[in-house]
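This report refers to the structure that appears directly beneath it.
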Number of protein chains: 2
Amino acid sequence: MALISKSCEYGLRAALFIAARGDNGFVPIHDISRDLGISFHFLTKILQKLTQNGLLKSYRGPSGGIALARKAHDISLLEIVRAIEEHDIFSTCVLGLKNCGDSTPCPLHQHWARERTRIESSFGSMTLDKLSKPIANGTLRLTD
Amino acid sequence: MALISKSCEYGLRAALFIAARGDNGFVPIHDISRDLGISFHFLTKILQKLTQNGLLKSYRGPSGGIALARKAHDISLLEIVRAIEEHDIFSTCVLGLKNCGDSTPCPLHQHWARERTRIESSFGSMTLDKLSKPIANGTLRLTD
DNA sequence: ATGTTAAAAGAGTCTTTTGTCTTAATATGA
DNA sequence: TCATATTAAGACAAAAGACTCTTTTAACAT
């Protein structure tokens, strides 16, 4: 089991890939799919979610593709995760209890609530521009 | 997407349930299943994994059931998670990259490696006896 | 207009996880 | 020995997640 779904992994990697290109032109999904090794049609649907949520913008036809809808410093990884994941991992009980919360906690609530808040703020503070610079450098990578 | 699988949630809840009973007798799986609202046959297989890993012990026939194989203070939640989850969530890359590590990190590695280590040690320090006491009290609960 | 490029949309398949059902194996007690 | 209680094991079904394929829509170029 992973923290986030495959779809979410792909969405994050694609967004970082687009941000790392630097220019403001539209990147064809086919290019992203090829370079990151992600199924084209599957990736298309994930990116659709991100455009529908106002994080990316798309353009059809020749020299069309996908681009960031806002400045890279204004898009956090948290927004991307929230747009793709249907269940909010940052507010669900680690034992799966529906009514778990501060008032009626499960045995792990006190511990897990702290951790998940920390992770949430970590994802919230990571923006596309911060992470994409070392990718453009070649210091960090998005593929195996 | 959740941090741990349903199987793992059930395994943790069942282990805490057994520990909270306090006595050393065998608890029939049917009782656990009924009280926690978990499918009997499904739970049986999860508990089998825990007995095979030496965390629980089982006994067949009348007045048989499941019991802790060791003292409650000697069983951590981390051991239970490790026995049930096939992939180790505490060592996998958050972006799903196979070779992500300190030498060839993904863009999130530095951040996520810290978080997952913290969670791992948190699960490692939580033992069944620590968490089961407030359950026996009725302060904390294992069901909705 | 027509053809080409590219995203959007939707149906369908495969795999994994979750859950159910049936049969065996083991222990107890009358 | 026989009925009963209980875990073990394995086949099967349902649901969700991951992925594929086909058709449609939009934009551009000639």
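A note on names: the letters A, B, ... follow the listed sequences, proteins ahead of strands, and every chain is numbered from 1. Since we're looking at a predicted model, the values are computed, not measured.
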* To do: Measure up the A:F123 and A:F90 rings against each other and bin them: parallel (under 30°), tilted (30 to 60°), perpendicular (over 60°).
  =>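 A:F123 vs A:F90 ring planes: tilted.
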* **Lys/Arg-Asp/Glu bridge criterion (N-O < 4.0 Å) met for A:K71, A:D129** =>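 So A:K71 does not pair with A:D129 through a salt bridge.
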* Quick one: do B:E79 and B:R70 make a salt bridge, cutoff under 4.0 Å? ->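 The answer is yes: the pair qualifies as a salt bridge.
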* Asked: Relative to the 5' end of DNA chain D, which residue comes earlier, A:S5 or A:H41, by the nucleotide with the nearest heavy atom?
  ->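 Mapping each residue to its closest nucleotide by heavy atoms, the 5'-most match is A:S5.
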How many angstroms lie between atom [atom1] of [X] and atom [atom2] of [Y], to the nearest 0.5 angstrom?
X      : Y      : atom1 : atom2 : result
B:N53  : B:I80  : CG    : CD1   : 10.5 Å
A:K57  : A:N24  : NZ    : CG    : 7.0 Å
B:S76  : B:L131 : OG    : CG    : 10.5 Å
B:R13  : B:D35  : CZ    : CG    : 11.0 Å
A:E115 : A:T117 : CD    : OG1   : 9.0 Å

Near-strand residues of [range], defined as heavy-atom separation under 4.0 angstrom from DNA chain C:
range                     : result
residues 79-98 of chain A : none
residues 48-57 of chain A : A:Q48, A:Q52
residues 9-38 of chain B  : B:Y10

Under 3.5 Å between N/O atoms: give me all the protein pairs with nucleotides 28-30 of chain C, atom names plus distance.
unit_1 : atom_1 : unit_2 : atom_2 : d
C:dT28 : OP1    : B:Y59  : OH     : 3.0

[X] side chain near [Y] side chain, heavy-atom distance below 4.5 Å:
X      : Y      : result
B:E120 : B:R82  : yes
A:L77  : A:L128 : yes
A:L12  : A:I4   : yes

* To do: Check whether any side-chain N or O of A:S33 sits under 3.5 Å from a backbone N or O of A:S39 as a donor-acceptor pair, and report yes or no.
  =>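 Here the side-chain-to-backbone pair does not exist.
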* Asked: Side chain of A:R116, backbone of A:T92: donor and acceptor closer than 3.5 Å?
  ->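 Yes, because the side chain of A:R116 sits within donor-acceptor range (under 3.5 Å) of the backbone of A:T92.
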* Asked: Does anyone know the first and last nucleotide of DNA chain D in reach of chain A, 5' to 3', at under 4.0 angstrom to a heavy atom?
  ->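 That gives a stretch of D:dG17 to D:dC28.
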Listing, residues 134-144 of chain B side-chain donor-acceptor contacts under 3.5 Å, not counting sequence neighbours, or none:
unit_1 : atom_1 : unit_2 : atom_2 : d
B:R141 : NE     : A:T104 : O      : 3.0
B:R141 : NH1    : B:T143 : O      : 2.6
B:R141 : NH2    : A:N99  : O      : 3.2
B:R141 : NH2    : A:T104 : O      : 2.6
B:R141 : NH2    : A:T104 : OG1    : 3.4
B:D144 : OD1    : A:K98  : N      : 3.1
B:D144 : OD1    : A:N99  : N      : 2.7
B:D144 : OD2    : A:K98  : N      : 2.4

